[in-house]
Amino acid sequence: QVQLVESGGGLVQAGGSLRLSCAASGRTFSSYTMGWFRQAPGKEREFVAAASWNGGSTYLPDSVKGRFTISRDNAKNTVYLQMNSLKPEDTAVYFCAAARSTMIETVISHFGSWGPGTQVTISS
């Protein structure tokens with residue numbers, strides 16, 4: 001298991017940007033596919049982005065593709081989510097998650113470690 005802590009959330013206006021960070025503990029960070037999910041009030045948690053063990057492969061759904069970018073720095077045990085052109089519908093709690101896999105993962109149940117989440121609020 002790896003312990004995860006997100007940071008970087010906040011309140012921004014529509015069209016603005018935020019960069020979320022997720023710091024991981026442990027010496028096996030590069031063994032994990034890292035992902036970001038979000039959950040808005042009253043809605044199910046949804047997949048936002050994933051990066052393979054070395055960041056060489058990434059995947060983002062159409063809802064955020066072109067606006068969000070996921071990257072990771074294995075030397076710092078950190079994964080990032082750069083969010084640009086933010087919209088009010090991006091408002092949610094954002095969670096970092098780790099899957100013990102060398103392949104891209106997008107299914108929630110494949111992620112065994114989760115951070116507590118960070119709130120992102122986009123005002124119109």
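Owing to the predicted nature of the structure, the values given are computational and were not obtained by experimental measurement.
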Colleague: Determine yes or no for a side-chain-to-main-chain donor-acceptor pair under 3.5 angstrom, with Arg100 supplying the side chain and His110 the backbone.
Modeller: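 No: the side chain of Arg100 does not pair with the backbone of His110.
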Colleague: With rounding to the nearest 0.5 Å, note down the distance linking CG in Leu18 to CZ in Phe68.
Modeller: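 The CZ atom of Phe68 is 9.0 Å from CG of Leu18, to the nearest 0.5 Å.
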Colleague: Out of curiosity, Leu81 CG to Arg19 CZ, how far, rounded to the nearest 0.5 Å?
Modeller: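 Reported value, rounded in 0.5 Å steps: 10.5 Å.
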Colleague: Any side-chain heavy atom of Cys96 within less than 4.5 Å of one from Met34?
Modeller: yes
Colleague: Is the shortest heavy-atom distance from the side chain of Lys76 to the side chain of Phe29 under 4.5 Å?
Modeller: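 Not touching, per the 4.5 Å side-chain cut-off.
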Colleague: Quick one: pull up SG in Cys22 and CH2 in Trp36 and give me the separation to the nearest 0.5 Å.
Modeller: 5.0 Å
Colleague: Locate the shortest heavy-atom distance separating Ala24 from Leu4; write the atom from each residue and the value.
Modeller: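 Looking at all heavy atoms of both residues, the closest pair is CB-CD2, 3.6 Å.
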Colleague: Quick one: pull up OG in Ser85 and CZ in Arg67 and give me the separation to the nearest 0.5 Å.
Modeller: 7.0 Å
Colleague: What pair of heavy atoms forms the shortest contact from Ala50 to Thr33, and how long is it?
Modeller: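 That closest heavy-atom pairing would be CB-CG2, 4.5 Å.
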Colleague: What's the shortest heavy-atom distance between Thr91 and Ala40, and which atoms?
Modeller: O-CB, 3.7 Å
Colleague: Of Arg45, Glu44, Glu46, which meets side chain to side chain donor-acceptor pair (under 3.5 Å) against Gln39?
Modeller: Arg45
Colleague: Please report the closest heavy-atom contact between Val48 and Pro61, naming both atoms and the distance.
Modeller: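 Shortest heavy-atom separation between Val48 and Pro61 comes out as O-CD, 2.9 Å.
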Colleague: Is the closest basic N to carboxylate O distance between Asp62 and Lys65 below 4.0 Å?
Modeller: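 Looking at Asp62 and Lys65, the cut-off is met.
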Colleague: Could you state the interatomic distance from OG (Ser52) to CD1 (Ile104), rounded to the nearest 0.5 Å?
Modeller: 5.0 Å
Colleague: Less than 3.5 Å apart, any donor N or O on the side chain of Ser17 or Asn84 sitting next to an acceptor on the other?
Modeller: yes
Colleague: Do you reckon Trp53 sits in the same ILVMFWY cluster as Val79, going by side-chain contacts under 4.5 Å, direct or chained?
Modeller: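 Unlinked, Trp53 and Val79 end up in two clusters.
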Colleague: Distance only, no hydrogens: is a donor on one side chain within 3.5 Å (strictly under) of an acceptor on the other, for Thr121 and Gln119?
Modeller: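 Yes.
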Colleague: Any luck finding a side-chain donor-acceptor pair between Ser113 and Gln1 under 3.5 Å?
Modeller: yes
Colleague: Indicate if Leu20 and Phe95 have the same hydrophobic cluster label, given that clusters are the connected sets of ILVMFWY residues with side-chain heavy-atom separations under 4.5 angstrom.
Modeller: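 No, Leu20 does not connect to Phe95 through the hydrophobic network.
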Colleague: Any donor-acceptor pair under 3.5 Å linking the side chain of Ser25 with the backbone of Gln3?
Modeller: yes
Colleague: State yes or no: do Ile108 and Tyr59 share one hydrophobic cluster built from I, L, V, M, F, W and Y residues joined by side-chain heavy-atom distances below 4.5 Å, directly or via other members?
Modeller: yes
Colleague: When clusters are formed by joining ILVMFWY residues with side-chain heavy atoms under 4.5 Å apart, either directly or through shared neighbours, do Val12 and Val120 land in the same one?
Modeller: yes
Colleague: Look at the side chain of Thr78 and the backbone N and O of Ala23, then say whether any donor-acceptor pair between them is shorter than 3.5 Å.
Modeller: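 Here the side-chain-to-backbone pair does not exist.
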Colleague: When you group the ILVMFWY residues by side-chain heavy-atom contacts below 4.5 Å and let the links chain together, are Tyr94 and Leu60 in the same group?
Modeller: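 Per the 4.5 Å side-chain linkage, Leu60 and Tyr94 are co-clustered.
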Colleague: Any chance the side chains of Glu6 and Thr118 put a donor and an acceptor closer than 3.5 Å?
Modeller: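 Their side chains do not contain a donor-acceptor pair, so the 3.5 Å distance test is not met.
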Colleague: Quick one: does Tyr80's side chain get under 4.5 Å of Thr69's, heavy atoms only?
Modeller: no
Colleague: Validate the cation-pi geometry between Arg38 and Phe47: distance from NZ or CZ to the six-membered ring centre under 6.0 Å, angle to the ring axis within 45°.
Modeller: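 Relative to the ring axis of Phe47, which defines the angle, Arg38 lies outside at least one limit.
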Colleague: With a 4.5 Å limit on heavy-atom distance, are the side chains of Tyr32 and Val2 in contact?
Modeller: yes
Colleague: Classify the ring geometry between Trp114 and Phe37 as parallel (under 30°), tilted (30 to 60°) or perpendicular (over 60°).
Modeller: tilted
Colleague: Nearest 0.5 Å, please: how far is NZ in Lys87 from OG in Ser63?
Modeller: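 Going from the OG atom of Ser63 to the NZ atom of Lys87 covers 8.5 Å.
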